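Since the model is a prediction, treat every value here as computed from it, not as a measurement. Order of the sequence lines fixes the chain letters, A, B, ..., with proteins taken first and strands second; residue numbering starts at 1 for each chain. All values below come from the heavy atoms of this structure, side chains included, with hydrogens, waters and symmetry mates left out.
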Number of protein chains: 2
Amino acid sequence: MTANTIKVVCSNCNLRELCMPVGLSSEQMDRIDEMVATRRKIKRGGALFRNGEAFTSLYAIRTGFFKTSVATEDGRDQVTGFQMAGEIIGLDGIVNDQHSCDAIALEDAEVCVMPYSKLEELSREVNALQHHVHKVMSREIVREHGVMLLLGSMRAEERLAAFLLNLVQRLHARGFSQSELILRMTREEIGSYLGLKLETVSRTFSKFADDGVIEVKQRHVRILDTHKLQSMINSQQCAA
Amino acid sequence: MTANTIKVVCSNCNLRELCMPVGLSSEQMDRIDEMVATRRKIKRGGALFRNGEAFTSLYAIRTGFFKTSVATEDGRDQVTGFQMAGEIIGLDGIVNDQHSCDAIALEDAEVCVMPYSKLEELSREVNALQHHVHKVMSREIVREHGVMLLLGSMRAEERLAAFLLNLVQRLHARGFSQSELILRMTREEIGSYLGLKLETVSRTFSKFADDGVIEVKQRHVRILDTHKLQSMINSQQCAA
DNA sequence: CGTCTCTTTGAAGCTAGTCAACTCTCGTGG
DNA sequence: CCACGAGAGTTGACTAGCTTCAAAGAGACG
């Protein structure tokens, strides 16, 4: 763990705007670099943390793609989100000092470890960091409101359209295509997130393809008509 | 606004354990009392804040009952939560400096106003307050995970059972009965929260009553068999 | 090259939604 | 004080949309 543990330098990280506050002095940046002292690699299928594990740190995703999920006692589970580079994961653990969901890597991934106690300490001294932490948590709350709206009031086609648009939008913000994406998750995981069965997800993909809205080949999706997808979300009747 | 604006004193508030950190020195308590300088009354049906309004403060509910809801462009809306005394409301506003949902009083209510800038300032100095704020936000995130699980994977009876149990549990923590409650919201609002239509909510109430699990008379509900309600949530088949 | 997982597609079934009629409660005003 | 009306809730009949069950096809990987 000497040569392998690369010294992380947030100040040079190309994800800085995504996971760090802006407008810091170099002295403040140094202190953050110091806090984020280690990285951790997770293999595809591996867990960053699991429900019940002690909470020690938040994680900023450097590379890779995660899902988080919660489970009922009787074994059903619900994917609560998909996270990509620059996003923060682990906020659920603060309230009870233990994690209440699983975070699983959907492809080989690497995260920056931010020990929570150090983060608290440092955000008392760096106002911008304090505010940033609050914003990250607030953003997660607002995101979940959106998912509740989706699960509570949308039909299958609207849900999938919203899901696809959300994904490409986030990927686009990271420099990827606005119209093409590779799904890192299975139909079942998409279904769990959207409150649908995998067959329904598959059928809906096929219908979108028939309608000429997207092209689907396994996990490769190309969006042909963004506007039509948009309009499906905002109008009751799901475009014929 | 002189005689009416009663000086709020958190240190004497009987909701203290619900909305404030514990183990503060009296000097720290004084500073918090000072931050929470005002209260605000909201009439039944009135809004504490609305989607799009500038965010300035968080609110601790002193008395009364609120719902929060988000809306789509085409007019559908989704109740995202019901809040009661001791709970904190307004966290959604931090990320974009404006609120992204409506907070409506379901009965005459009173809230303590906590200006956010002061809260940030003070939580830099009082570690327990800083941690408390983080916990409140984390708790909200975890709560929403639970709602997503409910909306994404439960059937109507399970949803309503979970809803009722959650309500009485929170009311019980505030000194009310474990088995009796008065609903402050309409069937439609319950339905919106649970992703069901009001008719389905009504039918499910009737079914529970027929099964002898609860007694329902309008908004007055008495739980006759808590254990049976519990078991409905944890087992696939919804008890006959 | 065979096995395993993921995905697609079809057919049948069921849950919750829709539409509609009726009842109940409560507040208001004659 | 009672009648009336509005809003909320209940119930029935019918329907739409998603799930379930089943079987077969497509890649991925040892």
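Within the 4.0 angstrom heavy-atom criterion, only backbone atoms of the sugar-phosphate kind lie near B:Leu196; the bases stay farther away. Using a 4.0 Å heavy-atom cutoff across all strands shown, B:Arg203 reaches at least one base atom of the nucleic acid. At a threshold of 4.0 angstrom between heavy atoms, the contacts of B:Gln218 are confined to the sugar-phosphate backbone, with no base atom among them. Residue A:Gly191 is classed as having no contact, given no heavy-atom separation below 4.0 Å to the nucleic acid. Among the protein residues, A:Ser202 comes within range of the nucleic acid bases, having at least one heavy atom under 4.0 Å from a base atom.
Comment: B:Glu107 does not engage B:Lys43 in a salt bridge, judged by the lack of any side-chain N to carboxylate O separation of less than 4.0 angstrom. Under the 4.0 Å criterion applied to side-chain N and carboxylate O atoms, A:Arg50 and A:Asp102 are assigned as salt-bridge partners.
The interatomic distance linking A:Glu188 (CD) with D:dT19 (C1') rounds to 14 Å, in whole Å. Counting to the nearest Å, the C1' atom of D:dT11 and the NZ atom of B:Lys207 are 16 Å from each other. Note: NZ (A:Lys197) to C1' (D:dA22) measures 16 Å, nearest angstrom. Spacing between atom NZ of A:Lys217 and atom C1' of D:dG27 amounts to 11 Å, rounded to whole angstrom units. Going from atom CD1 of A:Ile190 over to atom P of C:dC6 covers 13 Å, rounded to whole Å. Residue A:His220 contributes atom NE2, which lies 18 Å from atom C1' of D:dA28 at whole-angstrom precision. Rounded to whole Å, atom C1' of D:dG27 lies 14 Å from atom CD1 of A:Ile182. Atom CD in B:Glu199 sits about 17 Å away from atom P in D:dT15, given to the nearest Å.
Proximity of B:Thr200 to the phosphate of C:dG17: a side-chain N or O atom is located under 4.0 Å from OP1 or OP2. Taking 4.0 angstrom as the limit, A:Ser206 places a side-chain polar atom (N or O) nearer than this to OP1 or OP2 of C:dT9. Between A:Arg159 and D:dC18 there is no side-chain polar atom (N or O) within less than 4.0 angstrom of OP1 or OP2.
A:Ser69 places no side-chain N or O within 3.5 Å of a backbone atom of A:Val79 that could act as its donor or acceptor partner. Checking side-chain atoms of B:Arg174 against main-chain N and O of B:Ala85 turns up a donor-acceptor pair under 3.5 Å.
For B:Arg187 and A:Met154, each mapped to the nucleotide of DNA chain D holding its nearest heavy atom, the one lying further toward the 5' end belongs to B:Arg187.
If you look at B:Phe66 and B:Phe82, their ring centroids are not closer than 6.0 Å.
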